[in-house]
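In the text below, chain A, chain B and the rest are named by the order of the sequence lines, each starting its count at 1.
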There are 2 protein chains.
Amino acid sequence: MTKSMQTTEDSIKVFKALADPIRLAIIRYLNQLNHEVSCGEISQVMKISKTSGSYHFKILQEAELISVHKVAREKYVTLDRSTFDRYFTHFWQNL
Amino acid sequence: MTKSMQTTEDSIKVFKALADPIRLAIIRYLNQLNHEVSCGEISQVMKISKTSGSYHFKILQEAELISVHKVAREKYVTLDRSTFDRYFTHFWQNL
DNA sequence: AAGATAGTTCAAATATCTTTGAACTATCTA
DNA sequence: TAGATAGTTCAAAGATATTTGAACTATCTT
């Protein structure tokens, strides 16, 4: 199922989300594990405060680069590879 | 000729450069024309001051998203498509 | 129920990015 | 040569992004 047209603002949101070392490290980590991981685990691995983690996950989520799965207290995230594909593979088409 | 390894900082530089509406508009414009264009022309089209233009071109240049060709007073820029390719097509490999 | 754990929200502090105008260099044109 | 044009540099101002700690909600454990 392909997503419909993306606006410039969507692109900005995605590239802004990618333009930060912590968020890139989170993406790298999720890519290596390639399965759902809790926000708490990632924050620990990245050595950032939970507040800061919460902030970064929100930005990744709003860019649709991760998808979220809440189980009771905990929030699990995975990469949403279709979004990467949409913005990278089809960059020139969507520009 | 392929470029050697890219660091996280290189990636940040590229994604930051892409994370701005003016710079995205410049890229879009250069992509449509698909040939060298002077900074002055672009600044006019984008309706930004020459100082602001100078700033944005520097950022695009340092990210190697454009390449520059100076002719006397004027500076001509083109897209450096190999950089886009390097960061988009090979994103997961280089992560 | 009391205390621990996972995560969010808020506002203040800090850091980073972008725009602005003035002053500057180099080139062009009359 | 004098004046216009293309672009850069600098520092200050303004706008955004990020981090921090405290207070909060919801769930889990004993």
Q: The side chain of B/Tyr55 is closest to which nucleotide in this list: C/dT20, C/dC17, C/dC10?
A: C/dC17
Q: In whole Å, what is the span from the CZ atom of A/Phe57 to the P atom of C/dA6?
A: 13 Å
Q: Return yes if a side-chain donor-acceptor contact under 3.5 Å exists between B/Tyr87 and B/Glu64, otherwise no.
A: no
Q: Among C/dG7, C/dT9, D/dA6, which nucleotide has an atom closest to any side-chain atom of B/Glu74?
A: D/dA6
Q: How long is the line joining CD1 of A/Ile59 and P of C/dG7, in whole Å?
A: 18 Å
Q: Please compare A/Asp20 and B/Tyr76 by the position of their nearest nucleotide in DNA chain D and report the one closer to 5'.
A: B/Tyr76
Q: Would you tell me whether A/Tyr76 and A/Glu41 have side-chain atoms, one donor and one acceptor, within less than 3.5 Å of each other?
A: no
Q: Return the nearest nucleotide to the side chain of A/Ser52; candidates are D/dT20, D/dG7, C/dT8.
A: D/dT20
Q: Can you identify which nucleotide, out of C/dT19, D/dT8, D/dG21, has its nearest atom closest to the B/His56 side chain?
A: C/dT19
Q: Looking at B/Glu9, I want to see if its CD is surrounded by more than 12 non-hydrogen atoms of other residues, nucleotides or ligands under 6.0 Å.
A: no
Q: Take atom CZ of B/Arg23 and atom C1' of C/dC17, then tell me their distance rounded to the nearest Å.
A: 8 Å
Q: In whole Å, what is the span from the NZ atom of B/Lys50 to the P atom of D/dG7?
A: 9 Å
Q: For the pair made of CZ in A/Phe15 and P in C/dC17, what is the distance, rounded to whole Å?
A: 18 Å
Q: Do the side chains of B/Val77 and B/Ser67 get nearer than 4.5 Å, heavy atoms only?
A: no
Q: How long is the line joining CD1 of B/Ile48 and C1' of D/dG7, in whole Å?
A: 13 Å
Q: Quick check with a 6.0 Å cut-off and a 45 degree axis cone: is B/Arg28 positioned over the face of A/Trp92's six-membered ring?
A: no
Q: Of the listed nucleotides (D/dG7, C/dT9, C/dT20), which one gets closest to any side-chain atom of B/Ser38?
A: D/dG7
Q: What integer distance in Å separates B/Arg73:CZ from D/dT8:P?
A: 13 Å
Q: Which comes earlier along DNA chain C counting from the 5' end, the contact point of A/Cys39 or that of B/Val71, where each point is its nearest nucleotide?
A: A/Cys39
Q: Does any donor-acceptor pair link the side chain of B/Lys75 with the base of D/dG7 at a separation under 3.5 Å?
A: no
Q: Can you figure out which of C/dT16, D/dA17, C/dG7 approaches the side chain of A/Lys16 most closely?
A: D/dA17
Q: Within this structure, what is the CD1-to-P distance between A/Ile12 and C/dT18, rounded to whole angstrom?
A: 10 Å
Q: Is any side-chain N or O of A/Ser54 closer than 4.0 Å to OP1 or OP2 of C/dT8?
A: yes
Q: Measuring from the side chain of B/Ile22 (C-beta onward, heavy atoms only), which nucleotide among C/dT19, D/dA6, C/dT18 has the closest atom?
A: C/dT19
